[in-house]
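Every value quoted in this text rests on a predicted model; they were computed, and no experiment measured them.
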Amino acid sequence: MLARATQRRSKKTPVFIKGLSEFFYHKANVKIGLLVTALFLAYLLLVMLAKATGFEVTGSTIKSLGTSFGFDQADIREFLAARSDNMIEAYIRFNQIWDTLFGLTYGLMYVVWVSVLFKPLAHKTGLLNLLPLNQVLFDWLENYQLAVIAKQYLADGLIASSNAQLASVFSMIKWACSGLTYLLILVGIVMLIARALGNKK
């Protein structure tokens with residue numbers, strides 16, 4: 001019965017997604033994990049922080065809307081009103097280009113580490129190693145929505161409440177997915193330690 005259920009699930013899973021999961025389980029190791037972590041840190045420190053200076057405001061309570069767990073229309077208006085048109089344009093580029101690429105770097109890093117930690121259980125965990133890609137997806141949706149809001153604000157000074165709510169929902173789902181990813185990595189580390197102790201005995 002279990003075999004039939006597993007077979008039914010595998011049939012429903014797109015071949016590409018299943019193949020991607022298996023690829024990471026097969027190829028991921030500690031060396032690759034350290035390499036993609038170094039790539040993530042380099043991009044964060046050398047690119048993201050540099051590009052964020054284009055819309056930074058000294059003393060502003062909100063550095064970037066994407067770093068908040070949800071926000072409302074008033075938060076967005078406060079953020080945009082404190083910035084010049086050039087700074088808002090820099091913020092749009094940041095969301096459309098640099099933060100989009102950032103999603104790829106951290107998504108790859110998380111997928112590799114989850115694949116490393118759960119590789120011994122890959123036959124049971126299945127697509128679990130691709131869970132971090134959900135965070136990337138909602139991060140991209142949030143970025144797109146924030147860019148739409150900022151463009152509208154530049155055009156007519158208005159912020160549609162529906163767009164603000166949608167961006168906020170995407171943000172909250174993104175951070176919820178992030179929390180699940182960290183929990184997954186923590187569980188994987190605990191299981192790794194437990195296996196190591198069991199082998200010593």
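Considering only residues two or more places apart in sequence or on other chains, Leu108 meets the side-chain contact (heavy atoms from CB on, under 4.5 Å) condition with Phe24, Val36, Val112. Qualifying ring-ring contact (aromatic ring centres under 6.0 Å, His included) partners for Phe102, counting only residues two or more places apart in sequence or in other chains: Phe40, Tyr106. Partners of Gln145 according to the side-chain hydrogen bond (donor to acceptor under 3.5 Å, both in side chains) rule, which considers only residues two or more places apart in sequence or in another chain, are Asn163.
To the nearest 0.5 Å, the span separating CD on Glu22 from CG on Leu127 amounts to 8.5 Å. Taken from CG in Leu80 to CG in Asp85, the straight-line distance is 10.5 Å, to the nearest 0.5 Å. The distance from atom CD of Gln73 to atom CD of Glu78, rounded to the nearest 0.5 Å, is 13.5 Å. The CG atom of Leu130 sits 5.0 Å away from atom CG of Leu20, with the distance rounded to the nearest 0.5 Å. Between atom CG of residue Leu35 and atom CE of residue Met109 there is a gap of 12.5 Å, rounded to the nearest 0.5 Å. Between atom CG of residue Leu117 and atom CG of residue Leu192 there is a gap of 6.5 Å, rounded to the nearest 0.5 Å.
The two atoms that bring Val187 and Phe118 nearest to each other are CG1-CZ, 4.4 Å, heavy atoms only. Here the closest non-hydrogen pair linking Val114 and Pro132 is CG2-CG, 4.2 Å.
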### Task
Could you walk me through whether Phe170 and Leu146 pass side-chain contact (heavy atoms from CB on, under 4.5 Å), step by step?
CA-CA 10 Å; Phe170 289 150; Leu146 288 174; over 6 Å; no
### Task
Take Glu89 and Arg93 through the test side-chain contact (heavy atoms from CB on, under 4.5 Å) and record every step on the way to the result.
CA-CA 6 Å; Glu89 288 171 356; Arg93 287 193 298 274; 4.0 Å; yes
### Task
Tell me, with the steps shown, if Glu56 and Thr53 meet side-chain contact (heavy atoms from CB on, under 4.5 Å).
CA-CA 5 Å; Glu56 280 184 357; Thr53 59; 4.1 Å; yes
### Message
Between Phe138 and Met172, is the side-chain contact (heavy atoms from CB on, under 4.5 Å) condition met? List the steps.
### Response
CA-CA 9 Å; Phe138 283 101; Met172 288 187 286; over 6 Å; no
Pairs under 3.5 angstrom only: tabulate donor-acceptor contacts from the side chains of residues 41-51 to other protein residues two or more places apart or in another chain.
residue	atom	partner	partner atom	Å
Tyr43	OH	Trp98	O	2.8

N/O donor to acceptor pairs below 3.5 angstrom from side-chain atoms of residues 178-185, sequence neighbours left out:
residue	atom	partner	partner atom	Å
Thr181	OG1	Cys177	O	3.1
Tyr182	OH	Tyr110	OH	2.7

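Applying the side-chain contact (heavy atoms from CB on, under 4.5 Å) test between Ser21 and each of Asn129, Thr125, Leu128, Leu133 identifies Asn129 as the sole match.
In the hydrophobic clustering of this structure, Leu186 does not group with Val30; members are Ile, Leu, Val, Met, Phe, Trp, Tyr whose side-chain heavy atoms approach within less than 4.5 Å, directly or through other members. Follow the hydrophobic side-chain contacts under 4.5 Å out from Ile76 and you never reach Leu158; the two are in separate clusters. Linking Ile, Leu, Val, Met, Phe, Trp and Tyr whenever their side-chain heavy atoms come within less than 4.5 Å puts Tyr25 and Ile32 in one cluster. Hydrophobic clustering keeps Ile97 apart from Leu39 (ILVMFWY residues linked when any side-chain heavy atoms are closer than 4.5 Å, directly or through intermediates).
Proximity of a side-chain donor or acceptor of Asn95 to a complementary backbone N or O of Ile92 within less than 3.5 Å is not detected. Without hydrogens or angle criteria, Ser168 side chain to Phe71 main chain gives a donor-acceptor distance under 3.5 Å. Proximity of a side-chain donor or acceptor of Asn143 to a complementary backbone N or O of Gln96 within less than 3.5 Å is not detected. With hydrogens and angles disregarded, a donor-acceptor distance shorter than 3.5 Å links the side chain of Ser84 to the backbone of Met87. Looking only at distances, no side-chain donor or acceptor of Lys174 sits under 3.5 Å from a matching main-chain atom of Val136.
The ring pair (Phe, Tyr, Trp, His ring centres under 6.0 Å) pairs that include a residue from residues 72-97 are Phe55-Tyr91, Phe55-Phe94, Phe79-Tyr91, where partners are two or more places apart or lie in different chains.
For the residue pair Glu142 and Ser171, a side-chain donor N or O sits within less than 3.5 Å of a side-chain acceptor on the partner.
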